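These numbers come from the heavy atoms of this one structure, side chains and all, not from hydrogens, waters or symmetry mates. We name chains A, B, ... by the order of the sequence lines, and we start the count at 1 in each one. On a predicted model such as this, the values are computed, not experimentally measured, just so you know.
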There are 2 protein chains.
Amino acid sequence: MSGEQTRAALISAAIQALREDGFAGSSARVIAARAGCNQALIFYHFGSVPDLLVAALEQVSASRLDAYRGLLGHTATIAGLVDAARTIFAEDLAAGHVRVLTELISGAQSVPGLGERIRACLDPWRGFAQTAMASVLADAPVQVPAEQAAYAVVAGILGLELLAQLDGDQSAALAVFDQARDFGAVLDQLRPLASLLRRKQGGS
Amino acid sequence: MSGEQTRAALISAAIQALREDGFAGSSARVIAARAGCNQALIFYHFGSVPDLLVAALEQVSASRLDAYRGLLGHTATIAGLVDAARTIFAEDLAAGHVRVLTELISGAQSVPGLGERIRACLDPWRGFAQTAMASVLADAPVQVPAEQAAYAVVAGILGLELLAQLDGDQSAALAVFDQARDFGAVLDQLRPLASLLRRKQGGS
DNA sequence: GTCTATACTTGGATAGAC
DNA sequence: GTCTATCCAAGTATAGAC
């Protein structure tokens with residue numbers, strides 16, 4: 001097997017391990033067993049276990065960001081955006097992409113310097129979320145800064161992942177998305193009424 | 001030192017350890033060092049490390065639930081509820097109460113049966129959140145089932161904790177609460193307008 | 001690049017003295 | 001109820017053969 005193949009197999013195994021064994025259970029031996037290769041190769045290719053885990057996060061993050069970027073600009077309404085996001089998030093839940101992140105955030109507490117590197121991986125997401133929120137909140141019926149909205153959405157996704165993981169059930173998390181879509185649709189419809197309200201308040 | 005005192009010291013040390021070292025770093029030796037006692041006492045008093053961690057979660061959960069229950073029934077508006085919740089949540093962020101939960105949820109992946117016990121601890125919170133949401137959404141301008149709203153709020157709190165932990169900064173999480181308060185205030189004000197809208201839609 | 005073997009450290013858990 | 005001492009399993013990491 002070529003070096004590149006082994007690297008890829010280890011990264012894939014690390015993702016699986018974080019998903020199914022958690023950060024605490026993602027030891028070099030466990031990951032190597034999942035990859036079907038020797039434990040020493042982790043240190044040869046990546047230097048240390050945390051370094052491999054970060055590489056795994058970087059790969060997942062980059063590939064999923066591509067998927068989500070496809071959403072941007074294709075919808076002008078809140079409901080449309082939520083709807084599109086739901087589809088991709090359903091994939092994430094099923095494949096455990098977000099869990100890679102939540103496990104690493106939790107685990108970062110026990111490895112000095114790890115938090116900084118995870119934050120670097122998460123930063124593009126924050127920018128993306130902010131752009132997406134800004135595009136849809138620009139003429140929203142309620143004044144909501146894109147910054148706070150984006151922060152809340154990212155937090156919400158992380159939290160939904162944690163709960164889905166705890167319950168071993170994703171349907172409740174997806175139901176929240178469905179509800180958010182309906183809620184967003186009402187906001188979309190309320191735009192004219194809300195601008196009326198704003199004028200009334202501004203004059204008081 | 002009496003047995004009860006040691007038990008309490010160990011639970012307190014376990015909370016500290018989960019907070020500052022994470023689940024992966026909360027070993028028997030680390031916790032015992034924080035408690036200023038011998039590592040063997042953990043097994044004497046609690047049987048195993050996970051058992052101690054669950055006991056820690058149970059204590060935090062019970063004491064915080066008391067704090068939050070004080071909110072219920074004292075406010076009829078969304079803005080009022082969010083406002084009150086913000087104060088208590090600020091304490092939680094500072095003291096790391098929620099982190100005990102997030103670390104355990106993440107860590108549950110690597111300890112068979114742990115997830116079930118955490119869920120048992122979280123269940124009363126879900127009931128509480130649902131009651132709180134129902135009390136405030138009953139005559140809300142938008143139809144939102146209390147069940148989904150409660151699920152979203154719990155997820156949001158977990159996610160905000162994760163982000164605050166990653167950033168080492170709580171202000172952004174609290175800013176989301178402030179924004180939610182303003183947003184809730186608008187919903188509170190929109191009630192008459194929304195009922196008008198509903199009648200209009202129903203007749204079309 | 002990959003394996004075996006191994007050194008070293010840390011963690012869970014128990015036995016037995018006090 | 002608490003401590004010391006200890007066993008054993010599992011973890012990280014490296015050296016060296018292939």
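Contact annotation: the side chain of B/Val49 approaches that of B/Phe43 to within less than 4.5 Å [non-hydrogen atoms, C-beta and beyond]. At least one side-chain heavy atom of A/Glu103 sits less than 4.5 Å from a side-chain heavy atom of A/Gln165. Counting heavy atoms from C-beta on, the side chains of A/Leu137 and A/Val142 never come closer than 4.5 Å.
As rounded to whole Å, 13 Å separates atom P of C/dG11 from atom CZ of B/Arg34. Summarising the geometry, the separation between CG on B/Leu52 and C1' on C/dA13 is reported as 14 Å, rounded to the nearest angstrom. Between A/Gln39 atom CD and C/dC3 atom C1' there is a gap of 11 Å when expressed in whole angstrom units. In this entry the distance linking CG of B/Leu53 with P of C/dG12 reads 9 Å, nearest Å. Protein atom CG of B/Leu41 is 5 Å distant from nucleotide atom C1' of D/dT2, rounded to whole Å. Summarising the geometry, the separation between NE2 on A/His45 and P on D/dA13 is reported as 16 Å, rounded to the nearest angstrom. A straight line from CZ of A/Phe46 to P of D/dA13 spans 14 Å, rounded to a whole angstrom. Straight-line distance from the CZ atom of B/Phe43 to the C1' atom of D/dT6: 14 Å, rounded to whole Å.
Here the nucleotide nearest the side chain of B/Val49, chosen from D/dT2, C/dG12, C/dG1, is C/dG12. Considering only side-chain atoms of A/Thr6, the nucleotide from C/dT2, D/dG11, C/dC3 that sits closest is C/dT2. When the nucleotides D/dG1, D/dA13, C/dT14 are ranked by their closest atom to the side chain of B/Ala40, C/dT14 comes out on top.
B/Asp66 and B/Ser63 are not linked by any side-chain donor-acceptor pair at a separation below 3.5 angstrom, with hydrogens and angles left out of the test.
Taking the centre of each ring, A/Phe89 and A/Phe177 come in below the 6.0 Å mark.
Residue B/Ser48 has no polar side-chain atom (N or O) positioned under 4.0 Å from OP1 or OP2 of C/dG12. In this structure, A/Ser27 reaches the D/dG11 phosphate: one of its side-chain N or O atoms is under 4.0 Å from OP1 or OP2.
Projected onto DNA chain D by closest heavy-atom contact, B/Glu4 and B/Asn38 fall at different nucleotides, the more 5' of which corresponds to B/Glu4.
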